[in-house]
Structures are given as C-alpha cells and as structure tokens.
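Below, all heavy atoms of this structure are taken into account, side chains as well, without hydrogens, waters or symmetry copies. By convention in this document, chain letters (A, B, ...) are assigned in the order of the sequence lines, proteins followed by strands, and residues within each chain are numbered from 1.
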Amino acid sequence: MKKERSTERVNGPDDEGRAPAADWVERYGDDLYRFALLRVRNAHDAEDLVQETLLAGFRARAQFAGRAAVRSWLTAILKRKIVDWLREKGRGERAGAIRPTEDLLDNLFDARGKWRVKPGFWGAPPEAALERKEFWQVLRRCLDRLPARQASVFSLREIEQMSNQEVRRALRVSPSNLWVLLHRARLGLSRCLDLHWFGRTKRK
Amino acid sequence: MTRLISEGLDRRLPWTLRFRVRLHLLLCVSCDRFRLQVLFLRESVRRFLAAERNGNSPLPSLPPEARERIRRALERETS
C-alpha cells in the first residue's frame, strides 16, 4: 500500500538483480504474507512459504528481467507453493481419521439426526464486518481447528475457487468423498463461527 | 439433509433431490439457516479475494522477527 506501489515494476535490466535482498522483504514481504495467511491458516507455515517464495524469486531474478510486475510474478510462485502445501496436508491424513478437532460436530445432531444446537441467524455479510481483521483471524483459527483434509478441501474449493474436479484431482478423493468432506468442513466452520464470532458479537 | 444442501451449492442436483431439499427447507428452519451460513461464508470469501486483489487485504503484516529471519536468508543467498 503506501509508497511501494510506485516501485511495483522492475524498471529494466539495471534494476533487477541490483536491488539488495533486504529490499525484497520490504517491498513484497507483507503482501505475500497476507496472501498466504488465510490460505494455509497457520502463521508459521505462512512465514516459511513467504521465505521460500522470496528465495526462489531472488534466485531466478535474472531470467525474469522485468517483463511484468514482480509482485504478481512472486504471487504466482507463492500460489503454486500454497496449493502444494494444501495438497500435502490434505493427503497426509486418512479419510476416516478422527482428531479431537471433530468435537465441533460432536453434539450437533441427536441420534435421530435432529439439530441439537441450532445454527444462528447471521444475516447478509455486512460490508463493515469483513474489513475487521478479527473476523478473518477467527475464520483462520476455525479452519485450523478442522481436520486437515476438510480444511484443505474447503480452502481449495472456496478460497482457491477450484472446480470440484480440480479439487478431487489435487487431493485424490472420490466424488462422494468430496461431498462428505465439504459438508463436514462447512458444518464445522459454521459451528465454530457461531461460537466464536457471532456468539460474541450478539451479546452486546 | 445438510449434506444435500451443501452438495447443492457445488453441483446441480437431480430435480427429484432438488425438490426434496426445497420441501425440507420449508419445514426445517435450522437447515435453512445452515444454508444461509454457507452462502454467507462463500460471499465473505469472495469479497475478501476482491479486497485482496485491490491491495486491501484485512490481514496483518509480516511480523518483525519473521521479516528479519527472511532478510538474513536472502542475504546469505547473495553473499
């Protein structure tokens, strides 16, 4: 944001390569980090991915030679790394594995499948609430509480906006499994936001 | 039923199932709320992505320690 906008483009063969390494972190670090943060949901991995991206970009800077905006070129590198990360996380866990995080869904329905905890009414997404940093922090934490496979499916589908088929290919899941995972992810996220975001704001 | 509701947001269900879902939503307020919540999430993420494209991401910036660490890693690369 601030003044970096004007330096977005590499001006030509003179500039690229000669910009000191520290400059790269200053110019692109924040944007890349913000981009990674919601997608990989934990801050530590987001930092690692930013570092890998900047290193990869810095090494390849000679070939790049200012053909386009460095920022979007780096973002493209980061995006590939994020999809790989989500893929790896999403595959690492068995489909049936139940972790303590499943507690979000534990008492949602009774034995006959009736709602025990009724979902709250959220209304339409208000313009202002979306700009609140806290909402995204809560959503990120909620994503992190889901089993990794569910979170990866949700991220690829809703944040990366992949098609059903692309998600299935990336995580190697069957169609019916995809519906189950997306369904559980959405139930878990809804419940989590009900508890940790809407529950809190409703009280005032 | 919530599974069918969720699935209906990702693909077009056969009309028999669509009909069943519609009918059920008339009777089950909680199910309809769940549907609205999922749509809320989807709409929120869309807006987030739009804000991000315009350089207005609402997320925090790179923490100073990480910045320092990455700077050092990059400098090692150049020396």
Q. When you look at B:Arg69 and B:Glu65, which way does the salt bridge (Lys or Arg N to Asp or Glu O under 4.0 Å) test go after all the steps?
A. CA-CA 6 Å; B:Arg69 190 157 26 103; B:Glu65 316 85 72; over 6 Å; no
Q: Verify whether one side chain among A:Arg140 and A:Gln137 offers a donor that lies under 3.5 Å from an acceptor in the other.
A: yes
Q) With a 4.5 angstrom heavy-atom cut-off, which part of B:Ala51 approaches chain A: side chain, backbone, both or neither? A) neither
Q: Tell me, yes or no, whether the heavy-atom count around B:Arg20 atom CZ, taken from other residues, nucleotides or ligands under 6.0 Å, exceeds 12.
A: no
**Q.** Proximal component of B:Cys28, with respect to chain A [non-hydrogen, under 4.5 Å]
**A.** side chain
Q) Given a strict heavy-atom distance threshold of 4.5 Å, which part of B:Arg46 is in contact with chain A: side chain, backbone, both, or neither? A) side chain
Q: Run the salt-bridge test on B:Arg3 and B:Glu7 with the 4.0 Å N-O cut-off and return the result as yes or no.
A: yes
**Q.** Option that, when pairs with chain B are counted at under 4.5 Å, heavy atom only, ranks first among A:Val180, A:Val50, A:Thr75
**A.** A:Val180
Q) With under 30° as parallel and over 60° as perpendicular, where do the rings of B:Phe34 and A:Trp115 fit, or are they tilted in between? A) tilted
Q) Does a side-chain N-to-carboxylate-O contact under 4.0 Å join A:Lys81 and A:Asp84? A) no
Q) Is A:Arg27 paired with A:Asp23 through a side-chain N to carboxylate O contact shorter than 4.0 Å? A) yes
Q: Determine the option with the most heavy-atom pairs under 4.5 angstrom with chain B, choosing from A:Leu37, A:Leu55, A:Leu189.
A: A:Leu55
Q) Which answer fits B:Gln37, side chain, backbone, both or neither, if we ask what part of it has an atom under 4.5 Å from a heavy atom of chain A? A) both
Q. Do NZ/NE/NH1/NH2 and the carboxylate oxygens of B:Glu75 and B:Arg71 come within less than 4.0 Å?
A. no
Q.
Using a 4.5 angstrom heavy-atom cutoff, name the option from B:Cys31, B:Ala66, B:Pro60 with the most pairs to chain A.
A. B:Pro60
Q.
Counting only non-hydrogen atoms closer than 4.5 Å, does A:Phe109 touch chain B with its backbone (N, CA, C, O), its side chain (CB onward), both, or neither?
A. side chain
(Q) Between A:Glu158, A:Lys114, A:Lys118, A:Gln161, who has the most heavy-atom pairs with chain B when the cutoff is under 4.5 Å? (A) A:Glu158
Q) For residues A:Asp194 and A:Trp122, is any side-chain donor paired with an opposing acceptor at under 3.5 Å? A) yes
(Q) Under a 4.5 Å cutoff for heavy-atom pairs, which residue among A:Arg39, A:Arg191, A:His44 has the most contacts with chain B? (A) A:Arg39
Q: Identify which of B:Leu36, B:Ile70, B:Asp10 forms the greatest number of heavy-atom pairs closer than 4.5 Å to chain A.
A: B:Asp10
Q: Please state whether the side chain, the backbone, both or neither of A:Leu32 comes within less than 4.5 Å of a heavy atom of chain B.
A: neither
Q) At a heavy-atom separation under 4.5 Å, does A:Leu193 approach chain B through its side chain, its backbone, both, or neither? A) side chain
Q: Flag the one option from B:Val38, B:Thr2, B:Leu4 with the top tally of heavy-atom pairs under 4.5 Å to chain A.
A: B:Thr2
